[in-house]
Amino acid sequence: QVQLAEFGGGLVQPGGSLRLSCASAGSIDSIRVMGWYRQAPGKERELVATETIDEMTTYADSVKGRFTISRDNGRNTVYLQMISLKPEDTAVYFCYAGEVVTRIHTFLEVWGKGTPVTVSS
């Protein structure tokens, strides 16, 4: 079984910064894609950023230039550095892992339970 756990959410003032971390657990050989999605109240879940195992990154237009994704393939961990936060960044942020290869099974996608980020003065 594979599990993801997010850390680092919280309350921050507009213009502030936060760093989210996502750690994985399980007998994982590799994870092709890791990333972050978010869901604001009353809205659909949306992509924030992803990074493939060969370091290809994708960002939502709304976060380009402000958020930076990075991952540690050896530890199957992914991070999201967020700066210049805006109230519209308020959401629950979910960690995502795509094509998780273990010794006995390949999981097409695995999700964390989410960590809330609130940007407010």
Side-chain angles (χ1 to χ4, degrees):
Q1 187 173 357
V2 174
Q3 293 180 323
L4 301 176
E6 301 96 337
F7 303 92
L11 173 64
V12 63
Q13 291 187 342
S17 302
L18 276 178
R19 186 176 188 245
L20 305 182
S21 302
C22 173
S24 60
S27 299
I28 299 170
D29 289 334
S30 66
I31 303 176
R32 191 180 72 82
V33 181
M34 295 193 79
W36 297 90
Y37 285 70
R38 68 186 181 186
Q39 187 166 17
K43 294 190 175 181
E44 301 272 324
R45 189 174 297 189
E46 62 176 4
L47 178 144
V48 176
T50 61
E51 182 170 348
T52 67
I53 197 168
D54 52 359
E55 301 179 357
M56 302 265 307
T57 58
T58 301
Y59 290 94
D61 287 343
S62 60
V63 306
K64 284 180 180 176
R66 300 188 298 121
F67 291 10
T68 303
I69 190 170
S70 60
R71 60 183 285 183
D72 181 335
N73 289 333
R75 297 182 178 183
N76 292 314
T77 301
V78 65
Y79 307 94
L80 187 68
Q81 179 67 50
M82 305 184 291
I83 65 170
S84 302
L85 282 160
K86 306 175 181 179
E88 50 264 44
D89 294 317
T90 295
V92 177
Y93 284 69
F94 296 89
C95 182
Y96 166 83
E99 290 186 40
V100 181
V101 179
T102 70
R103 295 179 185 180
I104 59 173
H105 186 71
T106 296
F107 297 87
L108 290 181
E109 57 180 42
V110 180
W111 292 90
K113 294 183 178 179
T115 184
V117 172
T118 302
V119 185
S120 175
S121 55

Taking C-beta and beyond as the side chain, do [X] and [Y] meet within less than 4.5 Å on heavy atoms?
X      : Y     : value
Val48  : Leu80 : yes
Val78  : Ile69 : yes
Arg38  : Asp89 : yes
Val119 : Glu88 : no
Asn73  : Ile53 : yes
Glu109 : Glu99 : no

Transitive ILVMFWY cluster of Ile83, excluding itself - 4.5 Å side-chain cut-off: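 Traced through the cluster, Ile83 reaches no other member.
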If you link ILVMFWY side chains whenever their heavy atoms are less than 4.5 Å apart, which other residues fall into the same cluster as Val92? By chain and number, please.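 Val33, Tyr37, Leu47, Phe94, Tyr96, Trp111, which link up through side-chain heavy atoms under 4.5 Å apart, make up the rest of the cluster.
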Which heavy atom of [X] sits nearest a heavy atom of [Y], and at what distance?
X      : Y     : answer
Pro41  : Thr90 : CD-O, 4.5 Å
Ser21  : Trp36 : O-CH2, 3.5 Å
Ser121 : Pro14 : N-CD, 3.6 Å
Leu85  : Leu18 : CD1-N, 3.9 Å
Phe7   : Ala23 : CE1-CB, 4.2 Å
Asn76  : Met34 : O-CE, 3.6 Å

Mind running side chain to side chain contact (heavy atoms under 4.5 Å, CB included) on Gln81 and Ser70 for me, showing each step along the way? CA-CA 8 Å; Gln81 179 67 50; Ser70 60; over 6 Å; no
Ring-face cation contact, Tyr79 with Arg71, 6.0 Å cut, 45° max: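 Judged by the rule, Arg71 and Tyr79 form no cation-pi pair.
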Intermediate values then yes/no, side chain to side chain contact (heavy atoms under 4.5 Å, CB included), Tyr93 and Gln39: CA-CA 7 Å; Tyr93 284 69; Gln39 187 166 17; over 6 Å; no
List for me each residue that meets salt bridge (Lys or Arg N to Asp or Glu O under 4.0 Å) alongside Arg75, sequence neighbours excluded, and say none if there are none.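 Only Asp72 meet the salt bridge (Lys or Arg N to Asp or Glu O under 4.0 Å) criterion with Arg75.
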For the atom pair OG1 (Thr57) and CZ (Phe67), what is the distance rounded to the nearest 0.5 Å?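 One finds 14.5 Å between OG1 of Thr57 and CZ of Phe67.
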